[in-house]
Amino acid sequence: MSDFPDDMPFFGDPAAPRAQAGGSVAPGGIAARAMKARSAPNYLQGLNPEQRLAVETTEGPLLVLAGAGTGKTRVLTTRIAHILSLGLAYPSQILAVTFTNKAAREMKERIGVLVGGAVEGMPWLGTFHSIGVKLLRRHAELAGLKSDFTILDTDDVIRLIKQLIQAEGLDDKRWPARTFANMIDGWKNKGLGPSEIPEGDARSFANGKGRQLYQAYQDRLKTLNACDFGDLLCHPIRIFRAHPDILREYNARFKYILVDEYQDTNTAQYMWLRLLAQRPDNSRRQSGSPISPLAGEIGAKPGRSTVNICCVGDDDQSIYGWRGAEVDNILRFEKDFPGAAVVRLERNYRSTAHILGAASHLIAHNEGRLGKTLFTEAPNPDDDRVHVHAAWDSEEEARAVGEEIEQAQRKGHALNNMAILVRASFQMREFEDRFVTLGLNYRVIGGPRFYERLEIRDAMAYFRVVAQGADDLAFERIVNTPKRGLGEAAIRQVHDYARARDIPMLAAAADLVATEELKPKPRSALKEVVDNFTRWQSLLDSTPHTELAEMILDESGYTAMWQNDRSAEAPGRLENLKELIRSMEEYESLRGFLEHVALVMDAEQNEELDAVNIMTLHSAKGLEFETVFLPGWEEGLFPHQRSLDEGGRSGLEEERRLAYVGLTRAKKNLHIWFVSNRRIHGLWQSTIPSRFLEELPEAHVEVAETGNSYGGYGGYGQSRFDRADPFQNSYSTPGWQRAQQNRSEATRSNWGSRSGANVERIGYGEADSGFGAGRGSVKGRTIDGELVAKSVSDTPSAFKPGDRVFHMKFGNGNIAAIDGNKLTIDFDRAGQKRVLDSFVQRV
DNA sequence: TAAGCTCATGTTTTT
DNA sequence: CATGAGCTTA
């Protein structure tokens, strides 16, 4: 098609990229053997046979099941290099999709190493969303947008929906915008438009107004010349369906399609891929049919022209089901693409045999897997087993992990090679606190983002209005920031005028300031705003964008606003604004920069610094570290209660996959921790070791002896597993048995319903005795010689107001009030606190 | 208009 | 507990 300026030849005869004959290369077939016989180019050297098969099977559909650490990225990048060097396609004829920018960036770099500058000619290598934007900008008018449309982030979306909910006269507290934003997101993940959502869904929000609101939202987006993340996929899908001629152009263009992390694709992404993977012979089957998902949009029948699509993934690492990913997509691949070749990569180059053994045994507890078993070719008898540690509470956990890190550091291990992977981000804090105390460098990955800061968002809002005058959300954000005396009333007037005429607010403001509608003061203030934007917009194409950006921030008074601010954060904010301008230099234009920010929300981390990495298990996917710490393996936290409540069995399986991801991040050393007490929402609760611990195979695990800290599991004997029955590993230490017993008790009493009423709590005695047996607990039950208090909220409290009590953390105090099993106590030193009755005793 | 107060809320997270 | 949102008060 003529509007592709990017067709650049690579190797071989530029005029005629050769397409190999259709049909896949049967493993062991003549073609495959012939390929092997040929002397292998450099880039193929060092691939193992499976990898090489995956690289060289260029024709036809191919599913690569790549276990953790089996060289997935290498296969993907080498495959692209291979296609290019054989001249099977131009760089611009390869569609390569990833989920994250990080993955896209890495792939690009690694292809660059293999093929050099040719990678620059690959405009279709990127995330689903970035490729979606590219498609949509080309065909924006077919979706009712202009090609300079704005991409809204979650925050904008919520504000917009809130306005709509209020406009409907609904109570935005009863019907939170955030909830509806999530619903819309869910629908868009499934590729459903307002008219296609299930009736039940439509009814479940705002007294049956769900569908109407969704439609109103889409209409509003059109007026704003904007779209949300979901639209980046859904609009192209609609365009392809409604305009087969356009789709055919892309079908013809993309000679090779590669998809990374296929197990994470949602339904919309799946439909998108299927459309793009259509080939001439079967494109007839698709028409402008409504979204009746998944129904034979493709299907390369044997004997017809097949599609060269290669999906790489690992069903065992599917951890994004909660945001719409369909593991089923990968499980169904061979049905979707008949005649597909499947290559399994099971040879692991990352972890020790113990780590692999533990991970494999754990994941084997899941049903419905495609089934892979990782193995290593280099088992080493000296390797450490997976260590399981117990701690009294999360504070001790953080302290002990800190000690181990320092110890490793003394042995010469770099902090960069260590990571702490948590289930939930609140766990990070305790580690951060501890590391600050120790003076240990750490880095939080996936924390609060640069572009989400207030001052950055404000500045971006200015830029957005300049770049795209219809962006009302941005306009509203900064029209009175800094304060210009444009209060609610004035803004309301502009808003209503704009809505009534279906024009952008900036245009409405321009109209209004020419009339006598507004009071003199707001009128002149608004006039200045309008004039400013008009001027900045006129400079957009003639002024270097960084210069323009600085001009905007100065002339608007935004910079001055922070300069005059005497608060502690102000200097930091100014610094961030400077950083923002600096980072703009790397982009060609203001628009390019805005797009980058919309799609790549994160700023780069400082990798120079040697620091321990702290992140969630989710963000650890794809990474590897020499030493990995996995704290918080307790029921309710991991597996997370909410996954269990909402996802049932499949929720549990997803949690298990998450555990599997965690285990397989480690190359050499792996330490798992659980604590017996954790503070949740301010209350100390006793916890039970995660069921996943029991699912680890004894042969690869060692329960660490920890006699080092106060109140801990000091009296532990040598760690042992129950040899009698390897499948029902019961650890034979007292603490373990107690844990087991607690667990079965708890299960019987419906553990962890959200009420928190039947959470088991362990009572304890004086501060220095820690877990001392039987000392002064409230209502007790003896297990293994230790006293376990069970307190349930419907049991009347044994205390009365005015009682003098002792609490291990807060010391002595008097009871002020009682609420079920929760006591409000005025502590002598710590002030008033609410604690559970099982944590205090009378003095 | 901005600070101060009460109240509700509480996974994971990309784009 | 700790944060954020919304509301009240000076």
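Hydrogens, waters and symmetry mates are skipped; everything else that's a heavy atom, side chains included, is used. Chain letters run A, B, ... following the sequence lines, proteins first and then strands; every chain starts at 1.
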*asked:* At a heavy-atom distance below 4.0 Å, what parts of residues 319-326 of chain A sit against DNA chain B?
replied: A:Trp322, A:Arg323

Integer-rounded Å distance: [N] [atom2] and [X] [atom1]:
X: A:Leu683; N: B:dG10; atom1: CG; atom2: P; result: 16 Å
X: A:Lys188; N: B:dT13; atom1: NZ; atom2: P; result: 23 Å
X: A:Ile680; N: B:dT9; atom1: CD1; atom2: P; result: 19 Å
X: A:Phe426; N: B:dT9; atom1: CZ; atom2: P; result: 19 Å
X: A:Asp185; N: B:dT12; atom1: CG; atom2: P; result: 17 Å
X: A:Trp272; N: B:dT15; atom1: CH2; atom2: C1'; result: 13 Å
X: A:His618; N: B:dT13; atom1: NE2; atom2: P; result: 7 Å
X: A:Arg423; N: B:dT13; atom1: CZ; atom2: C1'; result: 11 Å

*Once the angle between the rings of A:Trp187 and A:Tyr214 is folded into 0 to 90°, is it parallel (under 30°), tilted (30 to 60°) or perpendicular (over 60°)?*
parallel

*Can you label the angle between the A:Phe435 ring and the A:Tyr442 ring as parallel, tilted or perpendicular, going by 30° and 60°?*
tilted

*Check every atom of B:dT11, B:dT1, B:dT13 against the side chain of A:Ser619 and return the nucleotide holding the closest atom.*
B:dT13

*asked:* Checking contacts here: which listed nucleotide (B:dT12, B:dT15, C:dT3) is nearest the side-chain heavy atoms of A:Arg429?
replied: C:dT3

*Is A:Arg678 salt-bridged to A:Glu397, going by a charged N under 4.0 Å from an acidic O?*
yes

_Any carboxylate oxygen within less than 4.0 angstrom of a Lys/Arg side-chain nitrogen, looking at A:Glu528 and A:Arg484?_
no

*Among A:Arg220, A:Arg464, A:Arg477, which one satisfies salt bridge (Lys or Arg N to Asp or Glu O under 4.0 Å) with A:Asp156?*
A:Arg464

Just the table, please: protein N/O against nucleotides 6-9 of chain C N/O, every pair under 3.5 Å.
from, atom 1, to, atom 2, distance (Å)
C:dG6, OP1, A:Lys162, NZ, 2.4

*Pick the nucleotide of DNA chain B nearest each of A:Thr616 and A:Arg484; which residue has the one closer to the 5' end?*
A:Arg484

_5'-most by nearest nucleotide on DNA chain B - A:Lys483 or A:His640_ = A:Lys483

*Is the distance between the ring centroids of A:Tyr320 and A:His618 under 6.0 Å?*
yes

*What about the rings of A:Trp175 and A:Phe205, do their centers lie closer together than 6.0 Å?*
yes

*A:Arg137 NZ/CZ over A:Phe149 ring centroid, <6.0 Å and within 45° of normal*: yes

*For A:Trp272 and A:Phe128, run ring-ring contact (aromatic ring centres under 6.0 Å, His included): C-alpha distance rounded to whole Å, both residues' side-chain angles, the deciding distance at 0.1 Å, then the answer.*
CA-CA 9 Å; A:Trp272 187 90; A:Phe128 277 101; 5.5 Å; yes

*Looking only at side-chain N and O atoms, does A:Ser643 come under 4.0 Å of OP1 or OP2 in B:dT12?*
no

*Just checking A:Thr154: base, sugar-phosphate only, or nothing, at a heavy-atom cut-off of under 4.0 Å?*
base

